[in-house]
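On a predicted model such as this, the values are computed, not experimentally measured, just so you know. These values consider heavy atoms only, across backbone and side chains, with no hydrogens, waters or symmetry-generated copies.
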Amino acid sequence: MMHRFIFQRMKKVLTAILVTSLLSACAQIKPPEPYGALPSAAQLNWQENNIYAFIHFGLNTFTNKEWGYGDEDPALFNPKDFDAEQIVRSIAQGGFKAVILTCKHHDGFCLWPTKTTTHNISQSPFRDGKGDMVREIADACRKYGLKFGVYLSPWDRNATNYGTQDYVKMYREQLRELLTQYGDIFEIWHDGANGGDGYYGGARETRNIDRSTYYNWPNVWALERKLQPGALIFGDIGPDLRWVGNEKGFAGDPCWQTFTPESNIPGKAPSNGIVKSELSTGGTRGGKYWMPAEVDFSIRPGWFWHENENDKVRSAVDLWNHYLISAGRGASMLLNIPPDTDGLVYKTDSIQLKLFGDILKQTFAENLAKGAQAVASNIRGGDKSAYGPARLFDEDQFTYWGTDDQVHTPTLTITLPESRSFDIIRLRENTKLGQRIDSLEVDAWLDNRWEKITGARSIGSNRLLRLASKITTDKLRLRIIKAPVSIALSDVGLFNQSSLLDALSKKPNSAGSSKGSSSIRTGWKVINPDHGKTRSAMLDGDPATYWQNLSGGKSDPIIVDMGETRQVKAFTYLPGGGSKIQGAIDKYAFYISTDGVKWQSVAKGEFSNMLANPVLQTISLKQVQPARFFKFEPQHTADGKPVRIAELSAIFL
Ligand code: FUL
């Protein structure tokens with residue numbers, strides 16, 4: 001009897017507790033309404049994997065080209081020591097979380113035994129025609145815990161049917177193969193370079209397609225969503241990630257994670273290859289779509305491996321600097337690491353990758369905001385446990401310090417357990433509620449007063465602010481300067497850049513410059529007088545000065561007297577134009593002569609990718625030849641503007 005009584009009492013008490021806690025849960029202050037475009041589940045996942053690697057590998061590696069014409073013989077593809085694990089391991093050591101492989105570049109050669117074309121790996125000597133490089137890289141990624149993604153060039157300079165609807169079907173079939181045979185795909189990459197001249201099954205002609213309609217991108221995306229619902233789709237216009245508008249390794253400041261693409265051809269819908277790339281760099285504040293930027297650039301000047309760029313590999317310090325202005329600006333860092341002709345990551349590249357990985361690890365090893373206390377000028381509904389500033393230090397990117405709806409410019413004072421030194425501040429918003437903050441400033445308590453040390457104009461999922469120098473303090477203040485709505489800030493982290501950076505910065509930078517050796521050109525002259533006074537700029541070894549064809553349009557050939565006869569093995573051309581390159585030549589002819597009268601044509605062709613990546617071009621002659629004079633004939637510029645040349649040079653035996 002007694003027991004029964006106790007049991008009933010307990011039941012009543014428990015019910016009362018349950019009801020009270022349910023009631024108080026209902027009384028909890030509601031989160032703010034989301035603001036603007038919002039990220040999808042895949043985009044939220046991307047935020048944590050915002051540093052990944054490209055692998056450009058294919059026939060170009062063996063022909064020493066950037067863009068193959070489409071007529072290359074598959075027999076040339078023979079990386080004898082190819083080791084997918086060495087490649088993926090080198091990348092993993094750099095701290096990268098995923099890999100995207102060029103399964104097919106513009107030359108149309110497929111790195112997997114596709115059923116859609118014979119121009120594929122099965123026609124090559126690699127693994128006696130039984131190889132599948134997509135599988136080997138995908139398997140190695142799985143083994144080392146990296147995600148795997150595919151690049152499939154829409155432009156195909158080999159395909160006979162390029163330009164017709166048959167090709168569009170074939171492109172989708174290739175996608176279907178890649179998206180169904182290799183497990184989970186992290187990202188699908190659609191290049192903007194599209195249409196132009198090519199082999200096209202022997203036609204050797206120019207085929208221009210209407211970029212805004214030809215591929216019917218919405219249909220392609222629908223197929224991709226169906227086959228790989230978790231994959232991110234990249235293109236100039238997304239839909240998930242946008243191109244950042246340059247291949248130099250930086251995002252804009254500010255760089256908004258929302259974007260409204262605009263076409264650069266009046267009257268045409270924006271599409272791959274026809275967006276205003278300058279807008280992509282900074283995105284659109286309050287843009288129509290959640291579409292963060294992806295910063296693709298290469299560890300070398302070119303996208304494919306070229307022996308003559310072995311001394312131009314970016315250093316670990318350079319990679320760190322670019323990390324800060326790509327991933328550190330709410331974009332992703334997509335670094336290209338092209339394997340060499342042996343099928344391995346070249347030693348210089350892998351050393352710099354390892355050092356970069358160490359810098360990353362060491363920098364973020366300890367969050368110096370640990371144990372901080374913070375006082376906010378406003379907390380949403382006064383609900384400290386749900387929206388209080390303690391949420392900033394819990395390492396969860398979605399818990400946040402939130403303010404009341406009408407409070408857009410609050411202030412936060414942070415006190416550290418003791419004075420600490422740091423030079424990186426990390427800020428994050430809870431992007432599930434959109435990108436809410438326009439700008440903020442940060443002060444530090446230094447010499448008994450508040451001093452402004454840095455500020456930011458966009459935050460989003462990740463913002464890294466590097467201070468001009470290390471500071472030591474126990475107090476910081478954050479002032480939100482502008483926001484259209486209440487804020488939802490989820491992270492304030494404090495870090496110290498790795499000491500490796502100091503050690504490495506003292507050594508001469510191994511990253512090459514495009515500055516040619518000027519001494520070798522002593523006594524060289526441009527001898528055709530119609531090239532005006534500035535013509536010597538082409539030979540002065542200074543990439544910042546350039547010659548421009550002032551008469552506009554097509555330029556006459558440039559004739560250079562090298563002063564004495566030498567054994568010429570290659571020539572180089574550096575496009576000119578200061579920070580914004582213009583008039584980059586993309587078609588040329590090159591002649592040599594011993595007497596300046598009789599000329600021999602020794603090279604003619606294309607400089608590839610000159611709109612997106614106008615870097616130093618080196619063309620090797622088929623054979624070494626004696627010459628005192630050379631004649632360089634610009635035949636076409638990539639942007640149709642008058643020719644500009646920063647540097648011209650020859651390389652001798
Ligand atoms: C560019 C291409 O033309 C380059 O060759 C490279 O693949 C780069 C990632 O995209 O647009």
Does the side chain of Tyr171 come under 3.5 Å of the side chain of Asp156 through a donor N or O and an acceptor N or O? no

Just checking, is any N or O donor in the side chain of Tyr200 or Asn161 under 3.5 Å from an acceptor N or O on the other one? no

Distance-only, no hydrogens or angles: does the Thr281 side chain make a donor-acceptor pair with backbone N or O of Val244 under 3.5 Å? yes

Does Val134 offer a backbone N or O that forms a donor-acceptor pair with the side chain of Asp132 under 3.5 Å? yes

Gap between atom CZ of Arg329 and atom CG of Asp253 - 0.5 Å precision: 4.5 Å

Donor-acceptor pair, Asp210 side chain versus Tyr214 backbone, under 3.5 Å? no

Val99/Ile137 under side chain to side chain contact (heavy atoms under 4.5 Å, CB included): CA gap, chis, key distance, verdict: CA-CA 9 Å; Val99 160; Ile137 295 281; 4.0 Å; yes

Heavy-atom side-chain contact between Leu101 and Leu111 under 4.5 Å: yes

Identify the heavy atoms of Thr594 and Pro626 that sit nearest to each other, and give their distance. CG2-O, 3.8 Å

Kindly say whether the aromatic ring centers of Phe297 and His322 come within a distance under 6.0 Å. yes

May I ask you to check whether Tyr588 and Phe571 place their ring centres under 6.0 Å from each other? yes

4.5 Å side-chain heavy-atom contact, Ile585 and Ile645: yes

Within the structure provided, determine whether Gln623 and Gln625 are in side-chain contact (heavy-atom separation under 4.5 Å). yes

Under 6.0 Å between ring centres, would you say that holds for His56 and Tyr151? yes

Leu175 vs Leu152, test: side chain to side chain contact (heavy atoms under 4.5 Å, CB included). Steps then yes/no. CA-CA 8 Å; Leu175 273 172; Leu152 187 73; 3.7 Å; yes

If only atom types and distance count, is the side chain of Ser271 paired as donor or acceptor with the main-chain N or O of Ile274 below 3.5 Å? no

Any chance the side chains of Trp305 and Asn310 put a donor and an acceptor closer than 3.5 Å? yes

List the steps and the verdict of salt bridge (Lys or Arg N to Asp or Glu O under 4.0 Å) for Arg207 and Asp197. CA-CA 6 Å; Arg207 291 189 185 167; Asp197 58 356; over 6 Å; no

Donor-acceptor pair, side chain of Tyr167 and main chain of Pro154, under 3.5 angstrom: yes

For residues 75-83, tabulate all N or O donor-acceptor pairs below 3.5 Å that involve a side-chain atom, not counting sequence neighbours.
unit_1	atom_1	unit_2	atom_2	d
Asp83	OD1	Glu85	N	3.0
Asp83	OD1	Gln86	N	3.2

Is the ring centre of Phe57 less than 6.0 Å from the ring centre of His105? no

Distance only, no hydrogens: is a donor on one side chain within 3.5 Å (strictly under) of an acceptor on the other, for Gln174 and Thr114? no

Looking at Asp342 and Leu344, would you say the former's side chain and the latter's main chain have a donor-acceptor pair under 3.5 Å? no

Can you list, pair by pair, the side-chain donor-acceptor contacts under 3.5 Å of residues 607-621, counting residues two or more places apart and other chains?
unit_1	atom_1	unit_2	atom_2	d
Ser608	OG	Trp67	N	3.3
Ser608	OG	Glu606	OE2	3.2
Asn609	ND2	Glu247	OE1	3.2
Asn613	ND2	Pro301	O	2.9
Gln617	NE2	Val615	O	2.8

Drop me the distance from His636's NE2 to Lys587's NZ, to the nearest 0.5 angstrom. 5.5 Å

Where Gly249 and Asn246 come nearest, the two heavy atoms and their spacing: N-OD1, 3.3 Å

Beyond-backbone contact of Ile299 with Asn336, side-chain heavy atoms, under 4.5 angstrom: no

For the residue pair Tyr52 and Phe96, is the inter-centroid distance of their aromatic rings smaller than 6.0 Å? no

Stepwise side-chain hydrogen bond (donor to acceptor under 3.5 Å, both in side chains) check, Asp561 with Trp524: CA-CA 6 Å; Asp561 177 358; Trp524 289 30; over 6 Å; no

Separation between OG of Ser277 and CG of Leu279, rounded to the nearest 0.5 Å: 8.0 Å

Could you give me the CA-CA distance, side-chain angles and deciding distance for Phe109 and Arg157, then say whether side chain to side chain contact (heavy atoms under 4.5 Å, CB included) is met? CA-CA 9 Å; Phe109 182 69; Arg157 296 173 106 182; over 6 Å; no

State, yes or no, whether a side-chain contact exists between Val295 and Met333 at a heavy-atom distance under 4.5 Å. no

For Arg314 versus Ser298, what's the shortest heavy-atom pair and its separation? NE-O, 2.8 Å

Looking at Arg300 and Asp349, is there a salt bridge between them, counting it only when a charged N and a carboxylate O are closer than 4.0 Å? yes

Check: Glu66 main-chain N/O paired with Asn60 side-chain donor or acceptor under 3.5 Å: yes

What closest approach, in Å, do Leu504 and Ala316 show between heavy atoms, and which atom pair accounts for it? CD1-CB, 4.3 Å

Pro270 to Ile237 - nearest heavy-atom pair and separation: O-CD1, 3.7 Å

Side-chain contact, heavy-atom cut-off 4.5 Å: Gln93 with Leu353? no

Whether the Glu294 and Trp243 side chains hold a donor-acceptor pair (N or O, under 3.5 Å, no angle test) is what I'd like checked. no

Just by distance, with hydrogens left out, do His306 and Asn64 show a side-chain donor and acceptor under 3.5 Å apart? yes

Considering all heavy atoms, the nearest Glu187-Leu241 contact: OE1-CD1, 3.5 Å

Quick one: do Ile55 and Ile337 satisfy side chain to side chain contact (heavy atoms under 4.5 Å, CB included)? Show the steps, please. CA-CA 5 Å; Ile55 298 179; Ile337 296 140; 5.7 Å; no

How about Thr164 and Asp166: does a side-chain donor come under 3.5 Å of a side-chain acceptor? no

Looking at Arg242 and Ser280, would you say the former's side chain and the latter's main chain have a donor-acceptor pair under 3.5 Å? yes

Phe630 ring center near Tyr591 ring center (under 6.0 Å): no

Student check: side-chain heavy atoms of Pro575 and Tyr573 closer than 4.5 Å: yes

Is it true that Glu72 and Thr63 share a donor-acceptor pair across their side chains at a distance under 3.5 Å? no

Indicate yes or no for a side-chain donor-acceptor contact from Gln600 to the backbone of Ile592 under 3.5 Å, with no hydrogens or angles considered. no

Would the distance check show the side chain of Arg535 and the main-chain N or O of Trp547 forming a donor-acceptor pair, the cut-off being under 3.5 Å? no

How many angstroms lie between OG in Ser124 and NE2 in His119, if you round to the nearest 0.5 Å? 11.0 Å

Separation between CD of Glu136 and CZ of Arg127, rounded to the nearest 0.5 Å: 4.0 Å

Which distance, rounded to the nearest 0.5 Å, do you find between the OG1 of Thr102 and the CG of Asp191? 10.5 Å

Does Arg204 make a cation-pi contact with Tyr199, if we ask for NZ or CZ under 6.0 Å from the ring centre and within 45° of the axis? no

With a 6.0 Å cut-off on the ring centroids, do Phe54 and Trp189 count as close? yes

